[in-house]
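Before any comments, here is the structure.
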Amino acid sequence: MFNEKYYSWWKARIEDFITVEDYELWTIVNREPLTPTKQNGQNMIVPQDLSEFMAANFRMEKNANAKKILICGLGLNEYNMIFVCSNAKKVWDALQTAREGTN
């Protein structure tokens, strides 16, 4: 369970846990998630419809899995800080900023 007094310990352990679970999950925690797009008839780049997704597009599911792992051990105070975050990278960044500050 997350404990703000031991953030550095939690950070190292969760990185190890996610990396072992699926290394690609860890890369998703450190980057924005993939949003599949296509070029429409007017040569504009638009999001793909779910019915057009290919197997590679389901990398977005990995973002959801990484986010789940990050938030499953959070207490109420930490969860209230990050519940509006739309992806794993934003959750990770919010927790880091709250506990380590910024440059």
Just by modelled atom types, is the I28 backbone N or O under 3.5 Å from a matching donor or acceptor in the N63 side chain?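 Checking the backbone N and O of I28 against the side chain of N63, no donor-acceptor pair under 3.5 Å is found.
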What residues form a salt bridge (charged side-chain N to carboxylate O under 4.0 Å, His left out) with K38, not counting sequence neighbours?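 Residues passing salt bridge (charged side-chain N to carboxylate O under 4.0 Å, His left out) with K38: E52.
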For E4, salt bridge (charged side-chain N to carboxylate O under 4.0 Å, His left out) partners two or more places apart: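 R99.
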For a quick test of your reading: what N or O donor-acceptor pairs under 3.5 Å do the side chains of residues 39-47 make, sequence neighbours left out?
unit_1, atom_1, unit_2, atom_2, d
Q39, NE2, N43, OD1, 3.2
N40, OD1, Q42, N, 3.0
N40, OD1, N43, N, 3.3
N40, OD1, M44, N, 2.9
N40, ND2, Q42, OE1, 3.4

First locate atom CZ of R13, then atom OH of Y6, and finally report the distance between them rounded to the nearest 0.5 Å.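 Between atom CZ of R13 and atom OH of Y6 there are 13.5 Å.
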Value rounded to 0.5 Å, distance of CG in L95 from OH in Y7: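 Rounded to the nearest 0.5 Å, the CG-OH separation comes out at 6.0 Å.
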Please list all pairs meeting salt bridge (charged side-chain N to carboxylate O under 4.0 Å, His left out) that have one or both residues in residues 65-75, counting only residues at least two apart or in different chains.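 Every candidate salt bridge (charged side-chain N to carboxylate O under 4.0 Å, His left out) pair involving residues 65-75 fails, so no pair, neighbours aside, qualifies.
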Do the non-hydrogen side-chain atoms of [X] and [Y] ever get within less than 4.5 Å of each other?
X   : Y   : value
D93 : K90 : no
N80 : L76 : yes
W92 : I14 : yes

Using a 3.5 Å cut-off and no angle test, enumerate the donor-acceptor pairs between side-chain atoms of residues 15-23 and protein atoms at least two apart in sequence or in another chain.
unit_1, atom_1, unit_2, atom_2, d
T19, OG1, E15, O, 2.7
D22, OD1, E24, N, 3.0
D22, OD2, K62, NZ, 2.3

If every non-hydrogen atom of A88 is compared with every non-hydrogen atom of L70, which pair is closest and at what distance?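 Residues A88 and L70, closest heavy atoms: O-CD1, 3.6 Å.
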